[in-house]
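So the structure is just underneath, and the comments pick up after that.
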Amino acid sequence: GCSSSGSTGTDSDASEAPRETVSLNVGYIDTSINGVGVIAPANELGLWEKYGIDVTLIPFTNGPTQIQAMQAGQIDVGYIGGGAIWMPASGQATVIAPSEESQGDVVLARAGSGVEEPADLKGQKVGVPEGGSGEMILALALLSAGLTMDDVEKVVLDPPSIVSAYVGDQIDVAAIFSPLSAQIMDSVPDTVTVAQNTDFPDTSFLGAWVASNEAVTDKADAVERFLEVYAEVNDYRIENTDQVVEWSSTASGAPADQLAQQAEVSKWTPSDEILANNEDGTTFDQFESLEEVFVETGRMDAVNDPSTFVNVDLFAQAMAARS
Amino acid sequence: MTDIKAQMEAVSISDGSRAPGAARPKSQGKRGRDKPLTWLYVTTLVLGIAIWWLGALLGNNVLAPTPPQVVESFIEGFSDGSLLMNTWASVQRVLIGFVLGVAVAIPAGFLMGWYRWARGLLEPWVQFFRTVPPLALIPLVIVFLGIGEPAKIFVIFLAAFLSSVLATFQGVRNVDVTLINAARVLGAGDGTIFVKVVIPASLPFIFVGTRVALGAAWATVVASELIAAAFGLGRMMQSASQFLDTPRIVVGIIMIGLLGFVMDRLLLLLERKLTGWQETR
Amino acid sequence: MTDIKAQMEAVSISDGSRAPGAARPKSQGKRGRDKPLTWLYVTTLVLGIAIWWLGALLGNNVLAPTPPQVVESFIEGFSDGSLLMNTWASVQRVLIGFVLGVAVAIPAGFLMGWYRWARGLLEPWVQFFRTVPPLALIPLVIVFLGIGEPAKIFVIFLAAFLSSVLATFQGVRNVDVTLINAARVLGAGDGTIFVKVVIPASLPFIFVGTRVALGAAWATVVASELIAAAFGLGRMMQSASQFLDTPRIVVGIIMIGLLGFVMDRLLLLLERKLTGWQETR
Amino acid sequence: MNSMISVRGVSKHYETARGLVRSLENVSLEVEQGEFITLVGPSGCGKSTMLNLMAGLLEPTSGEVLVDGKVVTGPGPDRGVIFQQYALFPWLTALQNVEFGLRLQHMKKTERRELAQHYLDLVGLGEFAHALPKELSGGMKQRCAIARAYAVQPSTLLMDEPFGALDALTRVNMQENLLETWQQERRTAVFITHDVDEAVFLATRVVVMSPRPGRISEIIDVPLAYPRTEEMRLSPEFAELRARVWRGVHHHAEEDAA
Amino acid sequence: MNSMISVRGVSKHYETARGLVRSLENVSLEVEQGEFITLVGPSGCGKSTMLNLMAGLLEPTSGEVLVDGKVVTGPGPDRGVIFQQYALFPWLTALQNVEFGLRLQHMKKTERRELAQHYLDLVGLGEFAHALPKELSGGMKQRCAIARAYAVQPSTLLMDEPFGALDALTRVNMQENLLETWQQERRTAVFITHDVDEAVFLATRVVVMSPRPGRISEIIDVPLAYPRTEEMRLSPEFAELRARVWRGVHHHAEEDAA
Ligand SMILES: Nc1ncnc2c1ncn2[C@@H]1O[C@H](COP(=O)(O)OP(=O)(O)OP(=O)(O)O)[C@@H](O)[C@H]1O
Ligand SMILES: Nc1ncnc2c1ncn2[C@@H]1O[C@H](COP(=O)(O)OP(=O)(O)OP(=O)(O)O)[C@@H](O)[C@H]1O
Ligand SMILES: [Mg+2]
Ligand SMILES: [Mg+2]
C-alpha cells in the first residue's frame, strides 16, 4: 500500500475551504493534446495549488508504460488513449474519467492500390501499429465488411514507422491516427480514406484518465481532487482551445500546429455532461462497446462489466466538491 | 599467491596453451581441474534463480514473474510451436547480420589501422555512428531499405559492425612492430603482411570485437524487429510488453541470453583453437 | 610499402610513441604530417553531407530532411534553449552511467580474468546479459527501480558495463606471463600485480572496452529515456518521431554523434598518454 | 651441511602436440648457502627449466625443490631472478623498473630512488634512468634487468645468461661486480652461461648438463680462491678447468649431434 | 669499386622526453660485394641502429644509405635480417617460420618444406620442426631465426648478434656453416657480435664503433685467408688481431666509463 494523503502540508491558498495539501504523482503523454493539454492549463491556471495538490508530473510517451509505472507504484494517475483501454478493462488500472472521443483514426490507402472501401482490404498488406486505436479502426472496418484480421496481411510497425513505410511505398494501406495520418495526407495527397471513426457511430474511441487500483482505494481523496482539476480544465479547454494548444506546445516543445490538429479530431464533452453520462450509464455503454472491439482484435478474451473498472463515484464527488 | 597458480593451471588447460605450472603434481588431470568450474556454474545458476524468485515474491507485484510462471509460459510457447518459430526467425537474422558485420569490420578495421586515407575517410563516420542509437535510425532505414528482411538485417549488421570495427582497428595498431619488420625483410608486401602477420597477431583483439559484436547483434534484435517483423523473439517480446505479459518477456530474455551464451561459447572455442600459440596466463 | 612507412610515421607521432622511421627526412615535422589527415576529415565530412543532401533531394519526401531544414531545426532548438537542456540531461545520464559501468567493469574483468571463483560465478551472467536487449529490460527495470533517474542511469550503466567487461577480461588473460613472473619474483602479491602489472599491461584492451562502452552508453540513451524522461536527447527524438519531425530527429542524431565523437577523442587522448610506452605500429 | 637449494629427483615434462618433451629427467642437486653455481650445457638442455623450478615459476612433474629447507610453492623476493628475456616492464622507465622491487619493500621514496640510481650507475645506465625500455639497446635492457634484480638484494640470485648481450669489457666488469657483492654478502648464486671462461671464473662449482632428456652430466669443482683476479684467468689451472668444462659440454653435444 | 652497401654521412637521432639521443653521428662506411663485415663496440653504441638502417627498417635523420647503388627506402628480401630479439611469428611452428619467406617466393610446397627442413637440420632444430616458438628454449629460438633468414638465400645477410644465445660448440659449428655458404655463394654479410674472437674469425674487416654519439672509431682489416680453420684461431696473427679489436672496443669503453 502507498502512504496515504495524511501529510501535514501547509494550508492551501483556496480561501473558502482550507484543505490539507495532498500529494499525487501524475503521469501524462506529453505529445498528446489530451495529456499535456490537461496538465499545461492546470499549471498555468494554478489549479494544483487551488485544489491543494502537491503534484509530481511525469511525462511519458505512451499509455502502456504508465500502466507499468502504476503497477510498480511509481504514479497514481495517468492518461491513456482509447487504444489502451483494454488495460484497465483487464483489471490493470481503474478508469476515473473519460477523456476525448477520438475522431482521428483512419484506414488510408494509396490511390492506385484499388482499395476504396473496407471490403477491398481482403488480402492487402496493411501497416498497423500494435495495441492502439489504429488496430481498432482496422478491426471495425474489417468487421463492417464481414472480414477478420486474418483476411489481411498485418504489417506491424511503430506508429511513426507506418508513415515511413507508407510514404516510402512499402505498404499500400495504413491504419493510423492523427496527427500521423495528416503527415501521410500531406506527403501522398491522393490517398483515399477507406474508413474513419464517423463511419462507426456506435463505437466511440474513448481516451481516459486512469488511476492505479491502489490509489483508488488508498489515495481516494487525492484522486478525487485531481478530478476537480480535470473537470475545470476540461471545460476550460472546450472554450479556449487555442490557448490550451499554445500552453501545451510551450510546455512540451511539441509543434503547436500538430497539437491543434489533434485538438480538432478530439471531441471533448463538458464536465456536466460527463457527469450525466456517468449517471445514466452512457459512459458504461461506451466502454462496453469499446471492449467488444478489443475482443475482436484479440486484446481481451471477453467483455468485462464496465462497472468493475470504471469508477464514476470519484468524478461525482469531485463535481459535488466544486459546486 | 596460490590463487594465481591455480588460475594459471586452469587457464593453461582450457586455453590449450601450456603456461608455467601446467603440470602441477597435485592436480588430477583434466577432469579434476574442470570440475570445480562446472560446480561454480551450477552454484551461480541456482543462486541467480533464487535471488530472482525471492525478488519476485518480495516485490509482490504482478509484473515481476516468478520462475514457475516463466516455466509455464515456456511450455506454452513450445507446445504451440510459436517459440521455436520466433527463435528461428531471430537466429537467422542475428547470424546473417552478425557474420556480415564482422566480415566487413575486419577488413575495415585493417584498412583504418593501416592506411592514412582509410582512417581519414572512415574513422569519423565509424565513431559518429557508433554512438547513434539503432532505435533512432529505424525511420531512416525504412525509407531507404524498406520493411523487408534486408532492413532488419541491416540494423543488426550495423550494430555488429560498429561494435567490432574498433577492436580490430585497435588490434592492428597494437601489432608488434618487430613482427611486421620480420615479415617485410622476408619480402612480404602489404597484402601478405595483412593476412599473415597482422590478422594472427591481432586475433586476441579481433575476438574481443567479434564477441562484443555478437552481444550487440542480439541486443539489437528487438530494435530490428520493430520493423514489421511477423516473427522473431524481439517481436514476441514487443507484443508481450504490449500485453504486459512479463513471463513471456522473461522467456524471450532467457532464450536470447541462452542463444547468445551458446554462440559466445562457440566463438570462444574457435578463439582458443586459433590463439593457442599465445604465451599468456 | 611506402604506405606502411607513411603510416608508421603518422602513428609514431600521433601515438606519442616513436616507431622506427619516425624521423623520416622528407617529412616536415609534426604539422606537415598531421595536415593531410585534417584534410581527409574535411573531405569525408563534405562528402558525407553531399551524399545525404543528394539522397534527400532525390528521395523527395518529408521523411528525408535536407541539411537546411536540419540547420533550421538546430537554430530553433538553440534559441528556445530546449536543445541545450535536453543535451545536458542526456550528457549527465550518459556520463554517470558510463563512468559507473566502466568503473565496475574493470575490477570485475580483473576478478574474472584472475580468480576461478569469480569467473565461475560472474561469467555466465555477464555473457547472458550481454546479449539481452536493453529495450526488453525496460519493463523489468521499471518494476525494480521505478521511473526515476536511477532507472535510466541503470540501463546506460548496464550497457556500458556489459560491453566493456569482456575487453578487460580478455586483456587480463592476455598479459604476458613473463611480466607477471617478473613482478612475482620481486615480491609482488596479487594486489600489487593487479595494479602495477595487469592494469598497465592490459590498458590497450581496457581502452578498447572503454571506448566500446562509451558508444554503447550513448546508443542506449534513447532506450533509457523511454522511461518517463522529462528531458533528454533520446526523449526529444522520441517525441519528434511521434510527430514525424524528422529534422529534429536528425538534430538529435547529430548531437549524440558529435558528443560521442568528442568524448571518444578525449578517451583516445588519455589512451595515448597512458600507452605511449608501447612499441607498436 | 646447510643446503640452500635442494633439487631432489626432479623431472619436468611437457606434453605437446608432438608428444612428451622431457625437459629434465630425475635431476638432483644440492646448492649450499653461499655457493656460486654456474650451469652450462648445450642449447635446449634444460638450464632455464632448472632455474625456473628453483625460482618457483615452474612446478616439477615429479620430485621436489626445496629452498632453505622449505618446499618451493611459488616465487618470492628471497630469490632474485634475471630472466633470459629481460622481462622489463615496458611502461616504466629504467629507474622505475629498478624501483619496482624496492617499492614492495616499503622503502622510503628518497632512499629508494637513491638506491635504484646506485644500481643503474653500477651497470652503466646512470644516464638512461629516465628512458623507457623501448628506447634502450639490447644490452642496455639486459643491464637494466640486472640492476633490478640486484637492487632488492635477495639472499639467492638466479641468473639466466645475464651477461649474454654485453660486450667483452662490460661483461668483465659485471663479473667482477657480481663476485664482489656476492663475496661481501655471502649470497647464494645460480648462474647460467654459455661462456666457459665465465663459468669457471665465477663458480665454486660448474654444473654441466646434457640434453634430451635434460640431466646433470658432470659437476666440476673450481678450487680457485676468491677474490678471483684477471691474472687467474691466465693461469694454467684456469686453462685446465676451462678445458674440462668445455669437454664436458662438448662431449655430450657431440653425442647429441651424432 | 663495386660497393654493395654505402653508408654516407648518416646520422640517426631520436627525440625523447629526455632530449636528443644521438644514436649515430655522421657515419660513413662502404661494404663491398662479397665482403664479411663484423661490427663490434660497447653496448648501446649504435650497432643495431646501423644494421636497421641498412635493412631499411629505420630512416636516417640525415645522410643516406645505398644498397647496390640504390637509395634504401625500405626492407626487401635481397637483404636478409636476423634480429637481436629473434622476432619469430609466435603462431607458426619452427618449420612454418622458416617456410614463411619461401612461400613468398612462390616455391612449391614439397620443395619449400624440404628446403625449410634442411635449414632447420643445419641449425640443429630438425626434431623441433613442429614446435611453436613458446616451446623452444632461448637458444633454439635464435637458431630458428637464423634458419629463417638463411632459407631465403638473400644476397646480403644482416645479422644482429645471431649467435649470442648459443653454447660454445654450437656457436663454432654455426660460424663454420656461415662462412662455408658465404664463401660458396659470395654473399655480402654484416654481422654484429660481442665476441671479439668471433669478430676476427669471421670478418674480412672488423668495424669498431664507439658510443655517444655513435661513430666508427676504427676499421681493422683481417688479412687471413678463407677458409678459416680452427688452427688459425690459435695462430699468433689471430691473437694479435684479437688484441687489436679488443683494444679498439676497450679503449673507447674506458673513455666512456670515465
Ligand atoms: N613450454 C614448453 N613446452 C614444450 N617444451 C618446452 C617448453 N619449454 C621448454 N621446453 C623444452 O624444454 C627443453 C629445455 O628448455 P630450456 O629453456 O630449459 O633450455 P635451455 O637449457 O635454457 O636452453 P638455452 O640455452 O637455449 O636457453 C627444450 O628442449 C625445450 O624445447
Ligand atoms: N627508439 C629509440 N628511442 C630513443 N633512443 C633509442 C631508440 N633506439 C635506440 N636508442 C638509443 O640509441 C643508442 C644505440 O642503440 P643500439 O640499439 O643501436 O645499440 P647497440 O649498439 O645495438 O647496443 P647493444 O649491443 O646493447 O645491442 C642507444 O643509446 C639507445 O638508447
Ligand atoms: Mg635458456
Ligand atoms: Mg643491439
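Per chain, numbering begins at 1; letters A, B, ... match sequence-line order. Excluded from the calculations below are hydrogen atoms, water molecules and symmetry mates; all remaining heavy atoms, backbone and side chain alike, are included. All values reported here derive from a predicted model rather than from experimental measurement.
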D167(D) side, atom CG; D195(E) side, atom CG - distance, nearest 0.5 Å: 11.5 Å
Pairwise distance CZ(R247(E)) to CG(L169(D)) - rounded to 0.5 angstrom: 14.0 Å
Distance in Å, K141(D) NZ paired with Q84(E) CD, rounded so as to fall on 0.5 Å steps: 7.5 Å
Best-contacting candidate, G139(E), S48(E), G46(E), G164(E), against chain D by heavy atom pairs under 4.5 angstrom: G139(E)
Proximity breakdown for F83(E) and chain D, heavy-atom pairs closer than 4.5 Å: neither
Distance in Å, Q85(D) CD paired with Q85(E) CD, rounded so as to fall on 0.5 Å steps: 6.5 Å
Engaged part of Q142(E) at the chain D interface, taking heavy atoms whose separation is under 4.5 Å: neither
Best-contacting candidate, A131(E), G44(E), S137(E), against chain D by heavy atom pairs under 4.5 angstrom: A131(E)
Short side-chain to backbone donor-acceptor contact, H194(E) and A165(D), under 3.5 Å: yes
Atom of R143(D), atom of S43(E) and distance for their closest heavy-atom approach: NH2-OG, 2.7 Å
